[in-house]
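As the structure lists them, so they are numbered: ligands from 1, and atoms in each ligand from 1.
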Amino acid sequence: MPTMTEEEKRDSYRSVAQAIAGAVAPTKNTVSRMATVSCLLSEAFPHYYWTGFYLVDPDVEDQLIVGPYQGTMGCLIIPFGKGVCGTAAATGETQVVEDVHAFEGHIACDTQTNSEIVVPVYDAAGKLMAVFDVDSTEPASFDSLDKECLEDIMAQVFATN
Ligand code: SME
């Protein structure tokens, strides 16, 4: 169980956000940026067990395909509306799930996951480009502070020109 206080968590997000801003500066390439964001966030928070992106499939409507991630093998395809990632994509809203086993339709790519947060990722034009998914082996690892900080990081990296 993460033992961080709210203040420690906010400080950690602040410093990782700075590290990310510096690291991604050399390129606008989406795959390179997503790989770097996944790596730095997963290194910053030991309870991040699976950390990565599902991309809006350019070839199949209303479908997500796996993108850059850190962790055990993720499912390759998730339809919009299915599971936590598909719900975030379909609603455009961040999903904070304290207990994935109680989430109807949760997709268990890895049986060790117990809680999860999924943040929609928008480009500078406000178009959904991906979702960012973090899974934890502990229950209730994520809260409104994770939501706020991760939404800020995604906007900073992917929605600025
Ligand atoms: N648990 C997710 C699927 C993706 S994996 O966990 C990597 C979901 O229900 O959307």
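Using a distance-only test at 3.5 Å, with no hydrogens or angles considered, a donor-acceptor pair links the side chain of Tyr69 to the main chain of Gly74. Side-chain atoms of Arg33 never come within 3.5 Å of backbone atoms of Phe158 as a donor-acceptor pair (strictly under, hydrogens ignored).
Using a heavy-atom distance under 4.0 Å as the criterion, the protein contacts of ligand 1 are Trp50, Tyr54, Ile78, Gly83, Val84, Cys85, His106, Ile107, Cys109, Glu116, Asp133, Asp135.
The two atoms that bring Tyr54 and Cys109 nearest to each other are OH-SG, 4.1 Å, heavy atoms only. Heavy-atom minimum distance, Ala44 versus Val16: CB-CG2, 3.8 Å.
In summary, the side chains of Glu151 and Thr94 do present a donor paired with an acceptor at a separation below 3.5 Å, with no hydrogens or angles considered.
Lys9 meets the salt bridge (Lys or Arg N to Asp or Glu O under 4.0 Å) test with Asp143, Asp146; sequence neighbours excluded.
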